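Beneath this line is the structure, given in C-alpha cells, with notes to follow.
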Amino acid sequence: MSGPSCLSRAPALRLTHAALVLCAAALFLVFPALSFDYGQTPDEELAHFYGERVYNYYASGFKNQDAKNFANLHFYGGLFEAASVVAQKAVAALGFNRWFEDVYEVRHLLGSLFGALAVVVTGLMGRRLFGLWGGVLSAALLLASPRFVAHAMNNPKDVPFAALFALALYLMLGMRTRWPYIGRGRLAALVVAAALATAIRIGGLLLVCYAGLFVGLSWLTEKNRPGMRGTLTAAGVFLGAFAAMLCIQALFSPWQLENPLIRPFQSLKEMSNLVGYWDQVLFDGVVRHYTETPWNYALRWFWLATPPVVLLGLALALPLPLRRYARPQVLLLWFSVVFPLAYAVLKGVWLYHDMRHFFFVYPGMVVLAAGGFVWCCRRLCAARDSGAWRAACRGATLALLALLLYDPVRFSVVNHPNQAVYFNPLAGGIQQAFHTDELDYWINSNKAARAWIRQAAGMSGRQPSDYEIITMNLAPQDRIKALSNPRNAHAITVDGVPIVVIRLKEQAPDKTQDKTQEGAGNG
C-alpha cells in the first residue's frame, strides 16, 4: 500500500516544490519594487561617501588612499557600499536614472535583494532541519516580522550582514559529524559566504568560531576519529580556510588589505565598543547616552519587537536540544542565537537603536521557532494512531498559526512603509511605546512627510521651506508637548500614533495676521 501512496503523492510534491521556487523568485521582484517606498536613513550619506572612496581606491589603481581613514568606517567592510556605487554607475551608464529619485533609491533596491536572500536562505535552513513545511514556515515567519522586512529595504549594514551570515550558517548546517566533516565544494562556498559577511561587518568572524566549535566537538565525540595525520590535515584545512576568508574579506576594505591577517582583529577590537561620538537613546521611558544602556537592552528590544508567534515558537523549541538524539546542527543553531546575546549581556556591550545590530541572529531564531511548531505538531499527531486525529492536530496548528500571524501581517499591510516601528501586543503595542521607547529613529517616514509637504505647498501657494518636520524622537513629555503645537498641519501615524508631525514654521515678526493667530493659539 505504501508504494502506490508514495507514487500518488509525488506529483503533488513536485508541484509544491515548483510553487515554492516561484514564490522565492517572486521575492526578488517584489522586494525591490517595495524598496522605492522607503526613505533615506541617517547613516546612508556617510556610508555612500565611504563607498565612493572604496571604489576610487580600485578605480585609481590603488593610488587614491582616502578610504583608509574615513570617519570610523574604515573599520567596517566596504562590500555593500562599494557594490552600491558600482550599481549607481551601472544605472547611470544604462540610462536608467529616470527611474530613480536619487542614488539612495539604488542603494535601497540593492539592499532589498539581500532581504529577499535572507528570506530564501531562512526557508532553506528550516527545510534542512525540520522538513519541507519547516522551511515554508521559517520563511513565512521572517516575512511576517515587520521590523526585519522594513530594515531590509533601507538598512545598508544589518540586513545584508544577516543575509550573508544566514547563508554561511546554512552551509555550515550541512557539515557532517564525522571525518572529513565537509566536502571541498561546500567548504569553498562556506569560505566565500563567511568572507562576504565579514566584508560587511567584522562580526562575521563569529562564523569561524562556530565552525571550529562544530568540528572540534564532532572530533571529540566521533567513535572512529581520524589518526594524528588526519587530525593535522583537518587542522591545516581549517587554518587555511580561515586565512583565505580573511584575505577575501579584506579585498573590500583598503585599510585591512594592507595587512589582511592582522587588521581584521584590530577592527574587531575597535568595533566592540564604539566611543567618541554623541548618540542618545530613549529606553524604557528614560533618555540616556548609548554608553549608559542597561544590561537587558538587547533582550528587552527582542521582547518588544518580535511577533508573539516567533516568541511562542521559540518557547516550543526549547526541548529540542534536550532530546536524547538531538541533531548537532540544531544545537549549533541554538548556540548561534544564544551566544551573541549572552555575550552582549555579560560583557556589557554598548548598544543603541533597537534590535537591529542583532538581526544576524534573527533568521536562526525564526527557524527554531518554526521547528518548535513542527515538532509539537508531529508529537501531537503521533499521540494517536488515527487519521482523523492527525488531521485535527494539523488543522489546529494551522489555525493557531493563522491567529498569531494576523497581528504582524495586519500591521505590515496597514502601516506600510513604516513597519520598522512595530511593537508587539504583548508589550502594549506602539500605543505603549509612545510613552517609553524610540519610534522612527531611522526617520524612514521623512520621505512620506516631504511628499506631503510638496503637495500641501502646491495647493496652498506656500513654499516647501515654510514647513518643518518634527520626528517623535523626543523624550515622552516632549512628544506630548509637540502634539499640542497650534501650527501642526499634518501627522504621519502608525496605528493611530503619530511618529512624525509636520508644522508651519514660525512666521516673520512683521506679519501681524500670523502673529495674531499664533497668540490666539497659545492662549
Side-chain angles (χ1 to χ4, degrees), residues 42-43 71-77 147-148 151 155 157-159 161-162 165 169 197-198 200-210 212-213 256 262-306 310-311 314-315 318 321 331-365 368 420 423-424 426-427 432-433 435-439 441-442 473 475-476:
D43 294 346
N72 67 347
L73 293 185
H74 57 284
F75 294 124
Y76 289 90
R147 281 185 181 257
F148 190 93
H151 279 267
N155 187 324
K157 287 290 184 186
D158 303 303
V159 172
F161 176 62
F165 197 94
L169 265 182
T198 310
I200 292 180
R201 279 197 181 278
I202 197 64
L205 291 175
L206 276 173
L207 291 162
V208 179
C209 302
Y210 296 164
L213 181 65
Q256 290 188 31
I262 300 297
R263 288 272 171 92
F265 300 100
Q266 294 176 341
S267 292
L268 182 64
K269 181 180 179 181
E270 290 291 334
M271 300 308 295
S272 295
N273 282 308
L274 288 174
V275 295
Y277 71 98
W278 183 92
D279 204 355
Q280 288 186 315
V281 298
L282 172 62
F283 180 73
D284 200 13
V286 179
V287 176
R288 63 189 92 199
H289 191 262
Y290 74 95
T291 60
E292 300 171 348
T293 53
W295 66 271
N296 65 333
Y297 185 86
L299 298 179
R300 183 173 180 273
W301 266 111
F302 272 101
W303 164 252
L304 292 174
T306 303
V310 177
L311 296 175
L314 277 174
L318 286 174
L331 298 175
L332 172 63
L333 193 59
W334 263 112
F335 185 80
S336 73
V337 170
V338 173
F339 174 75
L341 290 169
Y343 177 83
V345 169
L346 295 176
K347 191 176 183 297
V349 175
W350 294 328
L351 301 169
Y352 50 93
H353 300 328
D354 86 51
M355 58 193 275
R356 65 185 180 90
H357 292 109
F358 283 94
F359 273 154
F360 70 96
V361 308
Y362 195 71
M365 289 177 61
L368 290 170
F423 292 85
N424 73 50
L426 298 177
Q432 172 62 32
H435 302 285
T436 55
D437 293 286
E438 290 182 317
L439 299 178
Y441 68 86
W442 209 233
N473 295 330

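What you see is a predicted model; the values in this text were computed from it and never measured.
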As a quick check of understanding, evaluate side-chain contact (heavy atoms from CB on, under 4.5 Å) for R201 and Y76, giving each step before the final call. CA-CA 6 Å; R201 279 197 181 278; Y76 289 90; 3.3 Å; yes

Evaluate the side-chain contact (heavy atoms from CB on, under 4.5 Å) criterion for residues Y362 and M355: first the C-alpha distance (whole Å), next the side-chain angles of each, then the deciding distance (0.1 Å), finally the verdict. CA-CA 10 Å; Y362 195 71; M355 58 193 275; 4.1 Å; yes

Step by step, work out the side-chain contact (heavy atoms from CB on, under 4.5 Å) result for W301 and R147. CA-CA 11 Å; W301 266 111; R147 281 185 181 257; 3.5 Å; yes

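The structure places CZ of R300 at 4.0 Å from CG of D284, a figure rounded to the nearest 0.5 Å. To the nearest 0.5 Å, atom CD1 of residue I200 and atom CZ of residue F165 are 12.5 Å apart. Atom CH2 of W442 and atom CG of N155 lie 4.5 Å apart (nearest 0.5 Å).
Listed by chain and number, the residues in a salt bridge (Lys or Arg N to Asp or Glu O under 4.0 Å) with R263 are E258 (sequence neighbours excluded). Here N424 pairs with nothing under the side-chain hydrogen bond (donor to acceptor under 3.5 Å, both in side chains) rule; sequence neighbours left out. Taking F359 as the reference, F148, H151 meet the ring-ring contact (aromatic ring centres under 6.0 Å, His included) condition, with sequence neighbours excluded. Partners of D43 under the side-chain hydrogen bond (donor to acceptor under 3.5 Å, both in side chains) rule, at least two apart in sequence or in another chain, do not exist in this structure. Taking H353 as the reference, D279, E438 meet the side-chain hydrogen bond (donor to acceptor under 3.5 Å, both in side chains) condition, with sequence neighbours excluded. F339 meets the ring-ring contact (aromatic ring centres under 6.0 Å, His included) test with F335; sequence neighbours excluded.
With contacts defined as side-chain heavy-atom distances shorter than 4.5 Å, the pair L311/W303 qualifies.
Judged by distance alone, with hydrogens and angles left aside, the side-chain atoms of R288 form a donor-acceptor pair with the main-chain N or O of F283 at under 3.5 Å.
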